Number of protein chains: 2
Amino acid sequence: MGERRSGTRERIQTVAVELFAEHGYDKTSLRQIAERLDVTKAALYYHFNTKEDIVVSLFDDLLAGIDEIVTWGTDQPQTVETRQELLRRYGRLTRERPKNMMRFIQESKTTMQELAPGEKLQCRFRTLSAMLHAPDASLAEQLKSTLALITAGASVFMLKDADATDDERYDAGLELALELVSGEPGPTPRKTAQSTAR
Amino acid sequence: MGERRSGTRERIQTVAVELFAEHGYDKTSLRQIAERLDVTKAALYYHFNTKEDIVVSLFDDLLAGIDEIVTWGTDQPQTVETRQELLRRYGRLTRERPKNMMRFIQESKTTMQELAPGEKLQCRFRTLSAMLHAPDASLAEQLKSTLALITAGASVFMLKDADATDDERYDAGLELALELVSGEPGPTPRKTAQSTAR
DNA sequence: GTCTATAAGGTGATAGAC
DNA sequence: GTCTATCACCTTATAGAC
């Protein structure tokens with residue numbers, strides 16, 4: 001909406017998400033961001049009031065996209081098809097973002113928890129995850145939903161040492177995600193885990 | 001191995017892993033650790049030479065346990081049963097550690113990557129993951145292996161908002177993990193994800 | 001929009017007394 | 001084993017010139 005400046009703001013966001021994903025939010029200083037952009041720290045403060053504002057701007061973007069998906073899903077019948085479509089839309093959403101955005105989010109949960117919109121994001125993840133199973137679902141099904149969401153959004157870098165293109169990684173993740181919410185009983189593992197309590 | 005001091009070293013480790021899991025490694029200062037133990041920062045330096053040494057001591061402990069599992073698995077036939085037993089042993093290993101240890105590791109990958117033994121740990125994870133599928137496995141199977149490992153070790157806090165005991169969470173995770181490496185074709189999702197390349 | 005200069009504060013770490 | 005006191009360093013953030 002109306003971004004016709006020199007584009008420095010966007011360049012800051014791009015560089016920031018790269019560094020955040022690589023070194024984490026805390027270990028990335030404004031000095032590093034500024035240096036990579038070949039400007040001074042002070043210049044960053046013209047575009048963002050605080051360091052936190054940078055990461056917030058990144059989250060807000062994703063947040064809006066997820067909200068849209070949740071809103072769509074709320075009006076749909078609670079079927080396997082709806083759930084699979086939710087995963088497809090979520091996968092597409094993550095794929096449209098800068099490549100390291102999801103990696104940053106997935107691998108920096110502790111950082112996110114302490115940021116206001118990060119908490120909001122995690123809340124949406126829970127909402128979305130809950131939409132992938134029945135309200136009275138078993139623990140196993142709840143777990144499958146959570147894994148499906150992670151897989152749909154993060155398979156690209158979960159398979160990063162595999163010999164494949166990003167598209168192939170993405171497709172493999174989405175396919176597994178769809179399978180996880182398909183509600184099939186699975187191979188019914190023959191009496192496996194008895195509670196090895198401690 | 002001969003830990004008959006006042007136990008302060010162990011108390012430091014316990015408190016540290018709690019704080020690291022909650023706020024992340026970087027955002028946890030030695031001051032915070034010292035305050036919760038009711039000692040001064042300087043006292044910590046008697047037990048650990050650096051802040052990094054604290055986290056390293058935690059990693060090393062896990063590392064030894066994983067090495068043991070890998071060694072065992074190397075001598076076994078590459079069957080589904082072996083893979084399931086690998087997951088059971090890995091699950092048991094994570095369960096024996098302080099409760100927040102796996103959460104810390106899972107949610108602070110970026111921190112780990114920059115620490116020497118953290119990198120070693122991630123290397124073992126890759127090794128273990130590779131032992132859960134055939135050398136020529138498809139992308140889908142590789143992804144299932146990775147997810148199985150994550151599920152076996154982290155289901156307890158992935159389901160933390162579910163209404164269940166930790167034992168139940170753990171069992172659900174292990175069961176799903178076993179299922180993921182059982183090699184069944186799954187519900188063969190009817191032509192789902194076509195490459196939505198960008 | 002970007003700069004220089006600087007403030008204010010927290011950090012990991014060390015020296016040396018007890 | 002733990003303390004007080006202190007160090008050098010780096011951080012986020014601001015003020016004001018250009």
Side-chain angles (χ1 to χ4, degrees), chain A residues 1-59 104 108 110-118, chain B residues 1-59 104 108 110-118:
Chain A
M1 312 124 184
E3 64 250 38
R4 270 296 161 271
R5 310 248 186 285
S6 64
T8 305
R9 192 188 154 92
E10 285 71 23
R11 287 176 60 228
I12 293 173
Q13 289 176 313
T14 304
V15 165
V17 77
E18 274 173 25
L19 289 171
F20 289 164
E22 198 170 345
H23 310 293
Y25 174 74
D26 298 298
K27 273 202 170 138
T28 303
S29 66
L30 294 177
R31 181 180 53 77
Q32 288 176 286
I33 297 175
E35 272 174 10
R36 187 174 290 201
L37 284 167
D38 224 27
V39 296
T40 60
K41 268 189 308 175
L44 302 182
Y45 280 97
Y46 174 82
H47 299 278
F48 296 96
N49 289 329
T50 67
K51 180 186 180 184
E52 199 170 310
D53 278 355
I54 299 178
V55 81
V56 164
S57 76
L58 296 168
F59 285 172
F104 168 46
S108 310
T110 50
T111 297
M112 282 185 46
Q113 254 168 335
E114 317 223 323
L115 264 42
Chain B
M1 310 111 182
E3 63 249 38
R4 270 297 160 267
R5 309 249 187 283
S6 63
T8 304
R9 192 187 154 91
E10 284 72 23
R11 287 176 59 229
I12 293 173
Q13 288 175 315
T14 304
V15 166
V17 77
E18 272 173 26
L19 290 171
F20 289 163
E22 199 171 345
H23 310 293
Y25 173 73
D26 298 298
K27 273 204 171 138
T28 303
S29 66
L30 294 177
R31 180 181 54 76
Q32 287 176 286
I33 297 176
E35 271 174 11
R36 188 174 290 201
L37 285 168
D38 224 28
V39 295
T40 60
K41 262 192 313 174
L44 301 182
Y45 281 96
Y46 174 82
H47 299 277
F48 295 96
N49 289 327
T50 68
K51 180 186 180 185
E52 199 171 310
D53 278 355
I54 299 178
V55 81
V56 164
S57 76
L58 296 168
F59 284 171
F104 168 46
S108 310
T110 50
T111 297
M112 281 186 48
Q113 252 169 335
E114 318 223 322
L115 263 41

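Residue numbers begin at 1 in each chain, while the letters A, B, ... track the order of the sequences. Because the structure is predicted, anything quoted here is derived from the model rather than measured.
Candidate nucleotides D:dT2, C:dA13, D:dA13 were compared by shortest atom distance to the side chain of B:H47, and D:dT2 ranks first. Residue A:V39 has its side chain nearest to C:dC3 when only D:dT2, C:dG12, C:dC3 are considered. Ranking D:dA5, D:dA15, C:dA13 by closeness to the B:A42 side chain, first place goes to D:dA5.
Summary of the strand contacts: A:K27 and B:A43 both lie near DNA chain D, and taking for each the nucleotide with the nearest heavy atom, the more 5' one is attributed to B:A43. Between A:N49 and A:Q32, the residue whose closest nucleotide on DNA chain D is further toward the 5' end is A:Q32.
Atoms CD (B:E35) and C1' (D:dC3) sit 15 Å apart, rounded to a whole Å. Between the CG atom of B:L30 and the P atom of D:dC7 there is a distance of 20 Å, rounded to whole Å. Put simply, CG on A:L37 is 13 Å from C1' on C:dT2, counting in whole angstrom units. Going from atom NZ of A:K51 over to atom P of D:dT11 covers 9 Å, rounded to whole Å. A:F48 has its CZ atom 13 Å from the P atom of C:dG1, to the nearest Å. Rounded to an integer number of Å, the gap from CD1 of A:I12 to P of C:dT2 is 8 Å. In this structure, the NZ atom of A:K41 is 11 Å from the P atom of D:dC10, given to the nearest Å. At whole-Å resolution of the value, CD1 in B:I33 and P in C:dT11 are 11 Å apart.
Residue-level contact check: A:T40 touches the bases, meaning some heavy atom is under 4.0 Å from a base atom.
Closest approach of A:S57 and A:Q13 over heavy atoms only: OG-NE2, 2.9 Å.
Using a 4.5 Å heavy-atom cutoff, the side chains of B:V39 and B:I12 are not in contact.
Taking the ring centre of A:Y25 as origin, the terminal cationic atom of A:K51 falls inside the region bounded by 6.0 Å and 45° from the ring axis.
Contact annotation: A:Y46 side-chain N/O to C:dT2 OP1/OP2 distance is not under 4.0 Å. Of the side-chain N and O atoms in B:S29, none sit less than 4.0 angstrom from OP1 or OP2 of C:dG10. Checking the phosphate oxygens (OP1, OP2) of C:dT11, a side-chain nitrogen or oxygen of B:R31 falls inside 4.0 Å. Proximity of B:T50 to the phosphate of C:dG12: no side-chain N or O atom is located under 4.0 Å from OP1 or OP2.
Below 30°, between 30° and 60°, or above 60°: for B:F104 and B:F20 the angle between ring planes is between 30° and 60°, a tilted geometry.
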task = For side chain to side chain contact (heavy atoms under 4.5 Å, CB included), just list the numbers for A:R31 and A:E35, CA-CA rounded to whole Å, side-chain angles, deciding distance to a tenth of an Å, and then say yes or no.
result = CA-CA 6 Å; A:R31 181 180 53 77; A:E35 272 174 10; 3.4 Å; yes

